Amino acid sequence: MVIHTAVRTGASLPDRPYGQLECEHVDVYYGSFRAVTDVSLPFGIHEVTALIGPSGCGKSTLLRSLNRMNDLIDGARVDGRVTFMGEDIYGKRVDAIEVRRRIGMVFQKPNPFPKSIYDNIAYGPRVNGMRVDDMGDLVEEALTKAALWDEVKDKLKQSALGLSGGQQQRLCIARTIAVKPDVILMDEPCSALDPIATAKIEDLMHELRDEYTIVIVTHNMQQAARVADRTAFFTAQVDETSGDRTGVLVEFGKTAQIFENPQDQRTEDYISGRFG
Amino acid sequence: MTTTAFRGQLEGRPRPAEAAVRLLFRVAAAATVVITIGIVLALVIPSIGFFAEVPIVEFLFGTRWAPRFADASFGVLPLVTATLWTTLIALLFAVPLGLGAAVLLSEYAHWRVRKVLKPVLEVLAGIPTVVYGYFAVQFIQATVLKDWLQLQTGSFSVLAAGFVMGVMIIPTIASISEDALSAVPNALRQGSAALGANRMQTTLRVIFPAAISGIVAAVILGVSRAVGETMIVALAAGQQARLVAGPLEAGQTMTAFIAQAALGDSVVGSLEYDTLFAVGLLLFIITLAVNFVSISIVRRVRKAY
Ligand SMILES: Nc1ncnc2c1ncn2[C@@H]1O[C@H](COP(=O)(O)OP(=O)(O)OP(=O)(O)O)[C@@H](O)[C@H]1O
Ligand SMILES: [Mg+2]
């Protein structure tokens with residue numbers, strides 16, 4: 001199956017993005033198991049980068065290494081460098097909490113806090129001690145950017161758990177926006193949503209791209225084609241020395257090129273549906 | 001398959017094993033109810049005899065408890081004050097330390113540490129209370145309070161009893177609230193961390209509120225154990241029924257009185273014998289009230305979200 005959805009032309013994109021966030025020879029281990037091997041990848045500023053590839057190839061693992069969410073997993077370890085504005089985020093003097101404030105994350109399953117809609121948004125600014133003149137305005141702004149304001153403006157004090165799945169996911173995006181990060185990482189943000197909610201979130205990504213650098217993991221190739229400026233294709237390959245399956249980067253380029261003119265046979269097989 | 005051939009295939013078949021199991025559960029459920037009603041009746045019936053002779057107001061608000069004296073007096077307040085003091089002192093130690101231990105174990109400790117400490121905690125919760133009682137009277141009261149701290153206190157005090165009772169219920173509160181905290185999905189911890197919250201903020205503002213009903217259940221259980229605890233208070237708080245006005249004073253709690261009276265030689269059916277049930281009924285009602293209040297607090301907190 002060849003994807004015929006309108007692929008963003010990307011005519012204005014430079015050949016190599018300016019890497020605001022960048023991986024250099026990144027390996028990620030769980031204990032002694034190397035889940036991701038030697039990934040080098042620049043994520044362009046104010047671009048949407050899609051990470052695609054078969055299940056288990058380490059997309060989520062790599063994504064979590066970009067804002068040190070792996071620190072929360074026992075036994076997880078990152079080798080190589082991940083730089084943000086030129087600084088190694090795994091550097092000795094770097095505070096993981098500050099990293100996560102600059103590089104936010106939206107998860108596969110919506111995970112609103114069991115608090116009111118308002119408090120879900122206000123939580124991030126509060127814990128970060130952000131100087132906010134009017135929290136109400138900030139909440140409205142975040143919800144508006146996440147295309148949720150009109151649906152919830154009359155029930156800000158109600159529990160976030162009462163929202164639908166799609167609304168919850170947009171709330172989680174709004175919550176992330178409220179701390180004003182520079183980068184937003186999204187791990188299959190639409191996989192639990194219906195096509196209408198998905199379309200809303202995709203529209204949202206177009207909007208957000210003007211202000212944020214976005215990295216999105218997705219299994220939906222039409223979605224990658226629709227939203228991403230650049231696409232990185234990963235696959236799981238058997239490591240010659242250990243015999244383990246490990247995730248490697250196969251090909252990275254402008255989305256149009258990856259989908260219309262892949263350079264690697266494995267990429268072509270995958271996007272044309274010939275691969276698992 | 002034709003309709004005639006199909007006919008009858010949806011009809012129920014007898015399932016004897018399931019019927020037997022259902023019967024078994026019905027009997028178990030009924031037994032619980034019957035036993036509970038029995039206990040209440042056993043308390044209420046003798047109490048009726050008691051309140052026929054002693055006015056309820058005199059019982060509840062009288063300040064002198066001397067059921068065995070010639071000029072008998074049945075004001076239960078002295079016993080209630082002793083119970084209140086020991087319970088409050090116990091909770092003062094047990095709630096912060098128990099919750100602190102739970103947070104440490106669930107949110108901070110390495111999983112290897114947790115795997116060792118959790119069972120230790122559960123074993124601690126099973127130490128016989130008479131052991132704690134002797135510890136309270138011999139070590140805390142005699143050595144720590146009197147010798148080391150040189151406090152003005154006799155052989156017994158509600159402080160020693162309350163403190164040791166607190167130590168006794170720490171494992172219970174810690175263990176149950178640790179379960180409640182651990183049951184909060186990791187997705188919430190990750191969501192909070194991804195917004196730049198540190199561990200303490202995540203724990204206090206997200207995990208704790210999410211686990212609040214389990215934590216309140218743990219505290220209620222702690223309160224119930226403290227109110228109902230007998231051995232420690234009988235040994236360490238003393239057996240003298242008097243209004244307790246300070247932590248260094250001695251006093252007889254409701255449970256200590258019941259234990260003392262039940263071991264005595266009161267004639268069955270006498271007024272002296274019935275006092276036991278009146279105090280027991282009051283204890284029962286207090287515990288029940290604590291439970292109801294706590295449950296309704298939890299409901300109110302949870303209804304919001
Ligand atoms: N917490 C963990 N502990 C140990 N191994 C893990 C952990 N998370 C992932 N792995 C392993 O790392 C490899 C990559 O997993 P990852 O979840 O990153 O894949 P993925 O590409 O995101 O897959 P999917 O598309 O199914 O989400 C897998 O072999 C997985 O079993
Ligand atoms: Mg994944």
Side-chain angles (χ1 to χ4, degrees), chain A residues 60 63-64 66-75 95-117 119-130 157-162 168 171-172 174-181 183-187, chain B residues 99 102-118 177-218 295 297-305:
Chain A
S60 300
L63 198 72
R64 282 196 297 267
L66 299 180
N67 72 340
R68 296 191 57 172
M69 287 301 288
N70 279 337
D71 291 13
L72 271 58
I73 299 172
D74 285 325
D95 182 4
I97 288 160
E98 190 54 29
V99 170
R100 295 190 202 115
R101 203 193 68 66
R102 304 294 209 92
I103 307 175
M105 188 169 218
V106 176
F107 298 81
Q108 177 169 356
K109 259 181 64 192
N111 57 350
F113 303 128
K115 298 174 182 290
S116 69
I117 292 168
D119 285 338
N120 261 274
I121 308 292
Y123 179 79
R126 281 182 188 147
V127 296
N128 284 297
M130 277 166 61
K157 293 287 164 207
Q158 287 176 27
S159 170
L161 303 183
Q168 288 187 1
L171 180 73
C172 292
R175 183 172 85 175
T176 304
I177 293 170
V179 296
K180 305 193 191 302
V183 181
I184 302 178
L185 310 174
M186 299 184 173
D187 194 351
Chain B
L99 295 187
V103 165
L104 204 69
L105 274 184
S106 141
E107 307 299 315
Y108 287 85
H110 193 271
W111 62 270
R112 282 206 197 93
V113 178
R114 176 162 49 220
K115 227 173 70 184
V116 176
L117 281 188
K118 192 79 201 296
S177 39
E178 200 271 338
D179 287 341
L181 292 169
S182 300
V184 176
N186 260 331
L188 293 185
R189 292 185 181 86
Q190 291 173 359
S192 175
L195 293 170
N198 63 33
R199 228 178 253 222
M200 186 47 80
Q201 291 166 329
T202 301
T203 303
L204 292 183
R205 301 191 189 200
V206 177
I207 308 304
F208 225 80
I212 192 69
S213 51
I215 289 169
V216 171
I295 289 168
I297 290 174
V298 172
R299 285 245 175 81
R300 195 161 319 151
V301 172
R302 292 233 313 204
K303 198 157 54 186
Y305 302 113

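In what follows, every chain begins at residue 1, and chains take the letters A, B, ... in the order their sequences are listed. No experiment lies behind these values; they were computed from the predicted model shown. Atoms considered below: every heavy atom in the structure, side chains included; atoms not considered: hydrogens, waters and symmetry mates.
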Segment of [X] engaging chain B (4.5 angstrom heavy-atom cut-off):
X	answer
A:Arg175	both
A:Pro112	backbone
A:Met69	side chain
A:Arg126	both
A:Leu72	side chain

Should B:Leu99 and B:Glu178 be marked as a side chain to side chain contact (heavy atoms under 4.5 Å, CB included) after you check the CA-CA gap, both sets of side-chain angles, and the distance that decides it? CA-CA 8 Å; B:Leu99 295 187; B:Glu178 200 271 338; over 6 Å; no
Are any of the side-chain nitrogens in B:Lys118 or B:Asp179 under 4.0 Å away from the carboxylate oxygens of its partner?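 The answer is yes: the pair qualifies as a salt bridge.
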Closest heavy-atom contact between A:Phe113 and B:Gly191?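 That would be CZ-C, 3.9 Å.
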Most chain B-contacting option - heavy-atom pairs closer than 4.5 Å, from A:Val179, A:Asp74, A:Leu185: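 The answer is A:Asp74.
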Report the C-alpha distance between B:Gln190 and A:Met105 in whole Å, list the side-chain angles of each, state the deciding distance to 0.1 Å, and finish with yes or no for side chain to side chain contact (heavy atoms under 4.5 Å, CB included). CA-CA 9 Å; B:Gln190 291 173 359; A:Met105 188 169 218; over 6 Å; no
All salt bridge (charged side-chain N to carboxylate O under 4.0 Å, His left out) counterparts of B:Arg189, not counting sequence neighbours: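 B:Arg189: salt bridge (charged side-chain N to carboxylate O under 4.0 Å, His left out) contacts with B:Glu107.
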